[in-house]
Each structure stands twice: as structure tokens, then as C-alpha cells.
Amino acid sequence: MQIRWTIIETALGLALVAATERGLCSIALGDDATALEAELRGEFPKADISHVQEGRDEFLAPRVREVACMLNGRSGAVDVELIGTAFQQRVWQALMKIPPGQTLSYAQLAESLGKPSAARAVARACAQNRLAVIVPCHRIIRGDGSLGGYRWGLPLKDTLLQRERVA
DNA sequence: AAGCCCATCCGAA
DNA sequence: TTCGGATGGGCTT
């Protein structure tokens, strides 16, 4: 598998944006570019990974621009390649159908997939989401209204939800 | 095939 | 409010 990636600066900090030939496969947030690259290589150990300059890659450039908008709070859509098991893909697809401003509990999401007892498994799948913000796993919270967890830090989850609530 | 980890949930004390 | 047990998917022995 071929993966190309670049790093951009956004309202949420640095973002590593990576794509296969089919679409975006990883969007990771952080403040250390080296760590972000290492993380990407760890996630796709067998892939052929190459760094590209922002804007110099015809495939990546327009997608990166779109991602930048979305990370900065605007709505939008990009083509993605969800790399994971069948179950994970179902969960991630379902996440992308949740409109901004709306939240669901892990149990509600499990229910909507026809697996009402799989709340915990759904949580696992959310935890493995690689496409920050674009696959909006931050819209899933606990049944009691508390935030639950977030891979890129709970404060960020809170920020994202606040930002969508007003819009 | 068995065991372990986990971004949960629900009921009981 | 805390605590156990049920729970299911994914990964490692």
C-alpha cells in the first residue's frame, strides 16, 4: 500500500494528513511532527510511506485544503479509505452520519448497528479511529452525559463539541 | 483455543 | 457515589 503524507498547521495544532491512492487514511493531531510521523509508520508498518510537500502533490493538495477547513471548524466532506475490520468500518461509517452538534452514547450507537449489547466493543472501535474530526468519534459520549475518552485528549473533545454546539 | 485489555453500561448497596 | 459483573471485538500467546 502506498501512503503519502504532509503536515499542516490548523486551529487545533499540527495535523498530519495521510492518504492512500483511494482517499484519506489518517489524520492525526499533535504538536510534534516527528512523533506524528512515527505514529503513522507504527500504524501502517507494511506500507510504502512517503513525505510530500504541501501543495506539491496533485492528489493530496485539494484534500489537504478541505481537511484544513474542516479542522478549522467548517463543514465539508472528503473521500476517505477506512482501513480496519468490517466491524470497525461499520462503526466509522455510522459516525460519519452523525450531524455536527448532535451526540450519541456508545450504547445508542451500538443499538443503531443492531448490536445493543456491544457498547463496549463500539467504544473500542471509536478508540481506534484514525481520522480525527473527519470521522467524528468526538460526538460519542457516555450514557450518563460524561465525556468518556478521547484519543487526542479530553480537552480537545470538549472544545470540538462546544464549537459544534453553537453552530 | 484461551486469555487479556478496553474511550461502557446497569443494577445493587 | 462506588462496585461488580456482563459484554463483545481485536490482539497476543
Side-chain angles (χ1 to χ4, degrees), chain A residues 1-3 5 7 10-20 22-33 35-49 67 70-73 75-78 80-167:
Chain A
M1 184 169 53
Q2 269 264 33
I3 293 178
W5 64 277
I7 287 195
T10 76
L12 306 176
L14 293 182
L16 179 149
V17 182
T20 65
R22 306 164 60 105
L24 298 174
C25 64
S26 182
I27 301 190
L29 306 173
D31 38 42
D32 177 356
L36 286 172
E37 180 184 358
E39 202 178 299
L40 177 71
R41 293 185 180 279
E43 294 251 337
F44 301 105
K46 294 180 295 196
D48 170 11
I49 294 177
V67 167
M70 292 173 76
L71 293 181
N72 287 326
S75 60
V78 271
V80 297
E81 178 171 7
L82 300 177
I83 300 172
T85 66
F87 179 78
Q88 287 167 338
Q89 291 181 19
R90 285 184 64 201
V91 171
W92 299 335
Q93 293 280 6
L95 289 173
M96 287 191 290
K97 294 192 184 127
I98 305 173
Q102 185 179 339
T103 63
L104 250 50
S105 71
Y106 295 92
Q108 285 171 327
L109 183 53
E111 176 92 33
S112 80
L113 294 173
K115 303 204 165 229
S117 58
R120 193 117 190 228
V122 163
R124 281 288 288 160
C126 291
Q128 332 251 1
N129 172 38
R130 242 175 329 262
L131 293 163
V133 185
I134 277 58
V135 172
C137 63
H138 59 278
R139 297 187 191 136
I140 306 300
I141 61 179
R142 289 208 187 127
D144 66 4
S146 59
L147 280 182
Y150 195 60
R151 176 168 174 185
W152 293 284
L154 279 163
L156 181 55
K157 185 172 187 173
D158 200 34
T159 301
L160 290 169
L161 290 174
Q162 296 280 358
R163 183 213 244 177
E164 295 180 355
R165 195 161 307 164
V166 300

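In what follows, every chain begins at residue 1, and chains take the letters A, B, ... in the order their sequences are listed. Note: hydrogens, waters and symmetry copies are ignored here, and every other heavy atom, side chains too, is used.
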> For the pair made of CG in A/Leu147 and C1' in B/dA7, what is the distance, rounded to whole Å?
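These atoms are roughly 10 Å apart.
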
> Could you check how far CD1 of A/Ile141 sits from P of B/dC9, rounded to whole Å?
9 Å

> Looking only at side-chain atoms of A/Ala107, point me to the closest of C/dG8, B/dC9, B/dA7.
B/dC9

> Base, sugar-phosphate alone, or nothing: which one does A/Phe87 contact when heavy atoms must sit under 4.0 Å apart?
sugar-phosphate

> Give one of base, sugar-phosphate or nothing for A/Arg124, where a contact means two heavy atoms less than 4.0 Å apart.
base

> Taking the side chain as every heavy atom from C-beta outward, state whether A/Leu161 and A/His138 have any atom pair closer than 4.5 Å.
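A side-chain contact under 4.5 Å exists here.
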
> Look at all strands and tell whether A/Ala119 reaches a base, only sugar-phosphate, or nothing, counting heavy atoms closer than 4.0 Å.
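Here A/Ala119 touches the backbone only, sparing every base.
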
> Taking only the side-chain nitrogens and oxygens of A/Lys115, find out if one of them lies under 4.0 Å from OP1 or OP2 of C/dT7.
no

> Starting from C1' on B/dC6, measure out to CZ on A/Arg151 and report it in whole angstrom.
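Distance, rounded to whole Å: 14 Å.
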
> Rounded to the nearest angstrom, tell me the gap between atom CZ in A/Arg142 and atom P in C/dT2.
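My rounded result for the distance is 12 Å.
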
> Could you state the atom-to-atom distance from CG of A/Asp144 to P of B/dA7 in whole Å?
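Whole-Å distance recorded here is 16 Å.
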
> Can you measure A/Arg130 atom CZ to C/dG10 atom C1' for me and round it to whole angstrom units?
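Nearest whole value for this atom pair: 13 Å.
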
> Could you state the CG-C1' distance from A/Leu104 to B/dT8, rounded to the nearest angstrom?
14 Å

> Have a look at A/Gln88 and say if it touches a base, only the backbone sugar-phosphate, or nothing, with a 4.0 Å heavy-atom cut-off.
sugar-phosphate

> I'd like to know whether CZ of A/Arg22 has more than 12 heavy-atom contacts from other residues, nucleotides or ligands below 6.0 angstrom.
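Not buried by this count: 12 neighbours or fewer within 6.0 Å.
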
> For a 4.5 angstrom cut-off between non-hydrogen side-chain atoms, does A/Pro155 reach A/Tyr150?
no

> For the CG atom on A/Asp31, are there more than 12 heavy atoms of other groups (residues, nucleotides or ligands in this structure) within a distance under 6.0 Å?
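No, the 6.0 Å shell around CG holds no more than 12 heavy atoms from other groups.
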
> Given C/dG8, B/dC9, B/dA7, identify the nucleotide with an atom nearest to the side chain of A/Ser117.
C/dG8

> Just name whichever nucleotide pairs with C/dG8, Watson-Crick or G-U, keeping both distances under 3.5 Å, else none.
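Paired with B/dC6.
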
> Send over the distance from A/His138 NE2 to B/dA7 P, rounded to a whole Å.
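A/His138 atom NE2 is separated from B/dA7 atom P by 18 Å.
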
> A/Ile140 versus A/Leu95: any side-chain heavy-atom pair under 4.5 Å?
yes

> Considering only C/dG8, B/dA7, B/dC9, which nucleotide approaches the side chain of A/Arg120 most closely?
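The answer is C/dG8, which lies nearest to the side chain.
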
